[in-house]
Amino acid sequence: MANSCLQLCGFLLSSLGWLGIVIATSTNDWVTMCKYGVNTCKKMDELLSKGPWEECVISTALYHCASFTQILELPAYIQTTRALMIIGSILGLPAVGLLLMSMPCISLGNETQSSKNKRAILGGVLMLIVALCAMVPTIWFPIGANQELRLMSFGFSLYTGWVGTVFCLLGGMMLMCSSDSSTSSSRTYQDNNHFYYSKQGGGNQPVASSNNHAKSAHV
């Protein structure tokens, strides 16, 4: 029962984390920067919001966004952010599917518990890879943006990516721990049954031999 609860919590955390990474990938409110200076930007009320796909100018009378179309001319941190976030978002889909099929409440034919455990371990490993793919760009992107312009604050998308990364890490580790413990418990149960039946079989042999001896003596 405890393993089932741990597996269910790991599945929920991993799914929520993957959704957070997908939201961070598809939005552009990663960092808020200032072109001139902090005091000048506050007086002009003009800020710059930047993400992996476009750059937006935000002011009281203007909200204009320009997409990054020249891929080869982009800085390395933006290209890396795009590649890793897309890879993490794509890998999360089969990971969620594997974890869903390894739940205790779902059975695919006459499959054994060991096959479910293998599926859960594979899904947990994929979730850890998704978390690593999201961890690198969510840390590198604000550092690279700060080197170009003065960084003022983090955006909603970056916070969502951080939360999604933590959830995927926790969920993946919980799934792998629950699968290992359930596998070890099933092996212990099988060993105990094998010892019990072998003991019963060993105890019946003297009885059979004594019966044969009694029959031969009667004859």
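Here, residue 1 is the first one in the sequence, and each next residue gets the next number. Every heavy atom of this structure was used, including side-chain atoms; hydrogens, water molecules and symmetry mates were not.
- Looking at heavy atoms from C-beta onward, M174 lies in side-chain contact with L13 at the 4.5 angstrom threshold.
- Both M127 and L93 belong to a single network of hydrophobic side chains, linked directly or stepwise wherever heavy atoms of I, L, V, M, F, W or Y lie under 4.5 Å apart.
- Across all non-hydrogen atoms, the minimal contact from C168 to V130 is SG-CG1, 4.3 Å.
- In this structure, the side chains of P142 and F154 come closer than 4.5 Å at one or more pairs of heavy atoms.
- Looking at every heavy atom in both residues, P75 comes nearest to E148 through CG-OE2, 3.2 Å.
- At a threshold of 4.5 Å between non-hydrogen side-chain atoms, the residues I129 and V125 count as touching.
- Distance alone, capped at 3.5 Å, is enough to place a donor-acceptor pair between the N28 side chain and the E54 backbone.
- Residues A120 and L99 share a closest heavy-atom pair of O-CD2, 3.7 Å.
- Using a 4.5 Å heavy-atom cutoff, the side chains of E55 and S49 are not in contact.
- Side-chain heavy atoms closer than 4.5 Å link hydrophobic residues (I, L, V, M, F, W, Y) into clusters, and following such links, even through other members, never connects I23 to L16.
- Atoms CD1 and CD1, from I21 and I87 in turn, are 12.5 Å apart once rounded to the nearest 0.5 Å.
- Annotation: side chain of F68 is not in contact with side chain of E73 (no heavy-atom distance under 4.5 Å).
- Residues K50 and F141 come closest through the heavy atom pair O-CE2, 3.9 Å.
- If you take CG on L91 and CD1 on I86, they are separated by 12.0 Å, rounding to the nearest 0.5 Å.
- Residues W18 and V96 have side chains in contact (heavy-atom distance under 4.5 Å, counting atoms from C-beta outward).
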Query - Full working for side-chain contact (heavy atoms from CB on, under 4.5 Å) between W30 and T138 - result: CA-CA 9 Å; W30 282 55; T138 51; 4.2 Å; yes

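- Here OG1 of T80 is found 10.5 Å from CG of L74. Values are rounded to the nearest 0.5 Å.
- Taking both residues in full, the closest heavy atoms of S89 and T25 are given as OG-OG1, 3.3 Å, listed atom of the first, atom of the second, then distance.
- The minimum heavy-atom distance linking L84 with C133 is given by the pair CB-O, 3.3 Å.
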Report task. Quick one: do W53 and R82 satisfy side-chain contact (heavy atoms from CB on, under 4.5 Å)? Show the steps, please. Result -> CA-CA 8 Å; W53 308 104; R82 286 183 173 186; 3.4 Å; yes

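- Checking side-chain atoms of S157 against main-chain N and O of D29 turns up a donor-acceptor pair under 3.5 Å.
- Both I143 and I78 sit in one connected hydrophobic cluster of ILVMFWY residues. Membership requires side-chain heavy atoms under 4.5 Å apart, directly or through other members.
- Both M33 and I139 sit in one connected hydrophobic cluster of ILVMFWY residues. Membership requires side-chain heavy atoms under 4.5 Å apart, directly or through other members.
- A distance of 9.0 Å separates CG of L170 from OG of S14, quoted to the nearest 0.5 Å.
- For the atom pair CD (Q7) and OG (S102), the distance works out to 4.5 Å, reported to the nearest 0.5 Å.
- Taking the side chain as every heavy atom from C-beta outward, L48 and T32 never approach each other to under 4.5 Å.
- Distance check: M135 CE to L128 CG gives 9.5 Å after rounding to the nearest 0.5 Å.
- Tracing side-chain contacts under 4.5 Å through hydrophobic residues (I, L, V, M, F, W, Y), one reaches V166 starting from M85; they form part of the same cluster.
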